[in-house]
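Note that the numbering runs from 1 along the sequence shown for the chain.
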Amino acid sequence: MLILVTGGAGFIGSHIVTALVDAGHEVRVLDALLPTAHRTPPAIPEEVDWRHADVRDKGAVADALRGVDAVCHQAAMVGLGKDFADAPDYVSCNDLGTAVLLAGMAGAGVRRLVLASSMVVYGEGRYVCVRHGVVRPGPRRPAALEAGDFEPPCPHCGEALASGLVGEDAPADPRNVYAATKLAQEHLAAAWARATGGRVAALRYHNVYGPGMPRDTPYAGVASLFRSALARGAAPRVFEDGGQRRDFVHVRDIAGANLAALDGTRGLPEGALRAYNAGSGLPHTVGEMAAALALAYGGPEPVVTGEYRLGDVRHITASSQRLRDELGWKPRVEFEDGMGEFATAELRAG
């Protein structure tokens, strides 16, 4: 098959390109080379058809879609950003870009899409109160965060909650601009599928890490920020109390999930979007991740600062059982091995 990978020069996209080439597919890449992600593209395999263009460029998208069998849509502006002033850029890159791509696919007759979504569409994770069962915490309160009270209380009785795994059928509750744009991408893709008879696998990535992450940028993920600090000889700065639970999944496993999803779109009904959580299945706290990375790197040890960002959520870990059961995917990189590799892996300039 000929696969178009938007954002194929990026951190995750470049690993997907490698996995597709290794699997025997023809690959075409469309990437704008946004400076928040990288200054120059990584080495592109000779057999890859490379296009330097923005996914918002209708003409470039139409040209890139010629002869394509399926699309892996990775192109996006990622991370929380610096402040709400970034909102127009996020909406333009993520939502307008997706709309242009989908319109081009409709015109070109391309009917299979793997969409890079995110677990951030859920907002806070799954919480259970001993008195009220499964509950949805309200917005985080600055006064409580300032006082170091980071755990969300039950919205009904105020008691402590137990966190658990989120399933794909949980209601969406995006709590920052990036999350809102990722959910909008899913809605646009679902509308496209219904209108054209297309098939969409939306992979809700967890906290992806691994070689090739961009460094020294406020748009990078927490793993990259910690790794960049260590490279500068500085201690990783862990926000809140370090107890935030996340699912850190290696980028090569995410590339494998994209291959599985490409095959999986064949079996979806026409006009359907199917969401899949893509994580390791083994949650760790941010503090544990920072400690593992610092240990593998050789110090300095992390510093827990008590700082917070209002747009962050406390715990978000989700079940990836649907992806395992329906598409036969499973993660292969263990947490300790992945962090050991990442501690000395080369990062790209951002």
Side-chain angles (χ1 to χ4, degrees), residues 5 7-23 37-45 72 74 78-79 116 118-119 203 205-217 219-238 242 244-260 277-303 317-318 320 323-324 329-350:
V5 183
F11 164 48
I12 297 175
S14 60
H15 284 271
I16 293 172
V17 167
T18 298
L20 287 169
V21 170
D22 289 347
H38 38 59
R39 293 184 185 137
T40 57
I44 303 293
C72 282
Q74 309 295 313
V78 302
S118 173
M119 52 82 186
L203 297 179
Y205 297 161
H206 282 258
N207 292 73
V208 186
Y209 73 96
M213 291 189 83
R215 68 169 185 260
D216 300 325
T217 165
Y219 301 93
V222 66
S224 176
L225 296 177
F226 290 168
R227 174 67 176 77
S228 297
L230 290 167
R232 298 193 305 269
R237 295 176 61 82
V238 179
Q244 312 94 298
R245 278 189 288 279
R246 299 289 188 270
D247 187 328
F248 298 98
V249 59
H250 197 278
V251 66
R252 288 196 296 272
D253 285 331
I254 289 296
N258 274 266
L259 264 66
N277 293 327
S280 73
L282 296 172
H284 290 82
T285 67
V286 172
E288 288 170 345
M289 187 273 286
L293 195 57
L295 179 63
Y297 189 85
E301 294 184 0
V303 174
T317 58
S320 299
L323 184 57
R324 294 170 181 248
W329 171 87
K330 64 178 181 180
R332 301 184 182 278
V333 181
E334 300 288 344
F335 178 78
E336 291 76 12
D337 295 337
M339 288 297 164
E341 176 198 25
F342 183 52
T344 57
E346 184 176 352
L347 303 184
R348 69 176 66 189

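- Residues Gly210 and Val251 share a closest heavy-atom pair of CA-CG1, 4.1 Å.
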Using the rule given for side-chain contact (heavy atoms from CB on, under 4.5 Å), can you reason through Arg252 versus Glu341, listing the C-alpha separation, both sets of side-chain angles and the distance that settles it, and then say yes or no?
CA-CA 12 Å; Arg252 288 196 296 272; Glu341 176 198 25; 3.0 Å; yes
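- When all heavy atoms are compared, the tightest approach of Cys72 to Asn258 is SG-OD1, 4.0 Å.
- We find the CG-NE2 distance between Asp337 and His250 to be 9.5 Å, quoted to the nearest 0.5 Å.
- Ser320 contributes no side-chain N or O that, together with a main-chain N or O of Gly281, makes up a donor-acceptor pair within less than 3.5 Å.
- The side-chain heavy atoms of Val238 and Phe226, taken from C-beta on, include a pair separated by under 4.5 Å.
- Residues Arg227 and Arg215 are not in side-chain contact: their nearest non-hydrogen atoms beyond the backbone lie 4.5 Å or more apart.
- The shortest side-chain heavy-atom distance between Leu323 and Leu203 falls under the 4.5 Å cut-off.
- Smallest separation of non-hydrogen atoms from Pro300 and Gly233: CG-O, 3.8 Å.
- Rounded to the nearest 0.5 Å, atoms CE (Met339) and CD (Glu288) are 10.5 Å apart.
- With sequence neighbours left out, Ser280 forms a side-chain hydrogen bond (donor to acceptor under 3.5 Å, both in side chains) with Asp247.
- Taking 4.5 Å as the limit, some side-chain heavy atom of Leu293 sits within range of a side-chain heavy atom of Phe342.
- Evaluated for a side-chain contact (heavy atoms from CB on, under 4.5 Å) with Ile12, the options Val78, Val5, Ile254, Val17 yield exactly one hit, Ile254.
- Under the 30°/60° scheme for interplanar angles, the aromatic rings of Phe248 and Phe335 are found to be tilted.
- Here Leu282 contributes atom CG and Glu334 contributes atom CD; the two are 7.0 Å apart, rounded to the nearest 0.5 Å.
- Across all their heavy atoms, Ala229 and Ala235 have their closest contact at CB-O, 4.2 Å.
- Closest non-hydrogen pair, Ala223 versus Met289, comes out as CA-CE, 3.8 Å.
- Interatomic distance, OG1 of Thr317 versus CG of Asn207, reported as 10.5 Å (0.5 Å rounding).
- Only one option out of Val208, Leu225, Leu347 pairs with Met213 in a side-chain contact (heavy atoms from CB on, under 4.5 Å); it is Leu347.
- Here the side chains of Arg324 and Pro331 are in contact, with some heavy-atom distance below 4.5 Å.
- Asp253 contributes atom CG, which lies 5.5 Å from atom CH2 of Trp329 (distance to the nearest 0.5 angstrom).
- Pro236 places none of its side-chain heavy atoms less than 4.5 Å from the side chain of Val303.
- Of the possible donor and acceptor atoms, one in the side chain of Arg348 sits under 3.5 Å from a partner among the backbone N and O of Gly212.
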side-chain contact (heavy atoms from CB on, under 4.5 Å), that's the test. Do Asn277 and Met119 meet it? Break it down for me.
CA-CA 7 Å; Asn277 293 327; Met119 52 82 186; 5.5 Å; no
